[in-house]
Amino acid sequence: RLDVAQDLESVAVRQRDVGQHHVDGPLAQSLRGLGPAARGADFEAFLREQDREHLTHRLLVVDDEPQIREVIRTMLVDNGYAVHTADSARLALEILRDEQIDLVCTDLVMPEMSGSKLIDELKRTRPRLPIVVCSAYGTDDDVSRRVSRGEVLFLSKPFTRKELLDVVNRALTPHSN
């Protein structure tokens, strides 16, 4: 378990004991190579010295299928995004309470709590948070209405790296939806 305090100029890196939660990005990757001493008392100073280019959008990928979650995470990290992952909608809500997230990419069909219910909760608590729905099963009526109103973007599985990056970039670009 690695907990790092987060300030406005740093990226938090946290692994939880519960569920699948992972964060990665250019800064996080460089931090993993450091020994425990470097991550100790001087860690905050180290973060402040990092080039501001390492600070990027923080995305949350929510999918109950580990392989799909990892493929999406890898595609996004390889393109400079800091990525958190969650294996359930409930864990996603916990992460969103603790972390500053700029976009959520969620599956629709998940056990316990569906992606549609997650979207409902996100629209209630964080109405301006961009959401990308990735699903192999199409959309339900509620999600279809949200897509037509521009509240969420939809990406049909399977998709290419370019399709994923295009939709994420559109969602993160104000007034492009």
Please tell me if the side chains of [X] and [Y] come closer than 4.5 Å, counting only heavy atoms from C-beta onward.
X: V62; Y: L60; value: yes
X: I131; Y: L103; value: no
X: V104; Y: L129; value: yes
X: F154; Y: C134; value: no
X: D87; Y: D64; value: no
X: L164; Y: L76; value: yes

How would you list, by chain and number, every residue that makes a salt bridge (charged side-chain N to carboxylate O under 4.0 Å, His left out) with [X], sequence neighbours excluded?
X: R128; answer: none
X: E65; answer: none
X: R126; answer: none

Item to complete: Kindly indicate, with the supporting measurements, whether the criterion salt bridge (Lys or Arg N to Asp or Glu O under 4.0 Å) is fulfilled by D166 and K162.
Response: CA-CA 6 Å; D166 286 350; K162 181 181 180 337; 2.7 Å; yes
Worksheet, complete the sentence: All heavy atoms of A82 vs all of T56, minimum pair found to be N-CG2, 3.4 Å
Practice prompt. Measure across R69 and D63 and return the closest heavy-atom pair with its distance rounded to 0.1 Å.
Written response: NH1-O, 2.6 Å
Determine all donor-acceptor pairs shorter than 3.5 Å in which one atom belongs to a side chain in residues 106-114; sequence neighbours excluded.
from : atom 1 : to   : atom 2 : distance (Å)
E112 : OE1    : R90  : NE     : 3.3
S114 : OG     : S116 : N      : 3.4
S114 : OG     : K117 : N      : 3.1

Worksheet item: Is a side-chain donor or acceptor of E163 paired with a backbone partner of T160 at a separation under 3.5 angstrom?
Response: yes
Fill in: Check against side-chain contact (heavy atoms from CB on, under 4.5 Å), R145 and E151
CA-CA 9 Å; R145 280 190 297 277; E151 294 177 19; over 6 Å; no
Item to complete: Check the pair L59 / I101 against side-chain contact (heavy atoms from CB on, under 4.5 Å), numbers first and verdict last.
Response: CA-CA 6 Å; L59 312 184; I101 299 295; 5.8 Å; no
Worksheet item: With sequence neighbours excluded, what pairs up with D102 under the side chain to side chain contact (heavy atoms under 4.5 Å, CB included) test?
Response: H57, R58, Q100, L172
Worksheet entry | Contacts of S148 that satisfy side-chain hydrogen bond (donor to acceptor under 3.5 Å, both in side chains) - sequence neighbours left out | none
Worksheet item: Distance from F159 atom CZ to M75 atom CE, nearest 0.5 Å?
Response: 6.0 Å
Discussion item. The test is side-chain contact (heavy atoms from CB on, under 4.5 Å); show your working for V83 and V61 and say whether it passes.
Written reply: CA-CA 7 Å; V83 180; V61 174; 3.9 Å; yes
Discussion item. Tell me whether R73 is salt-bridged to D78, with the criterion being a basic N under 4.0 Å from an acidic carboxylate O.
Written reply: no
Worksheet item: Going by atom types alone, do T125 and E121 pair a side-chain donor with an acceptor below 3.5 Å?
Response: no
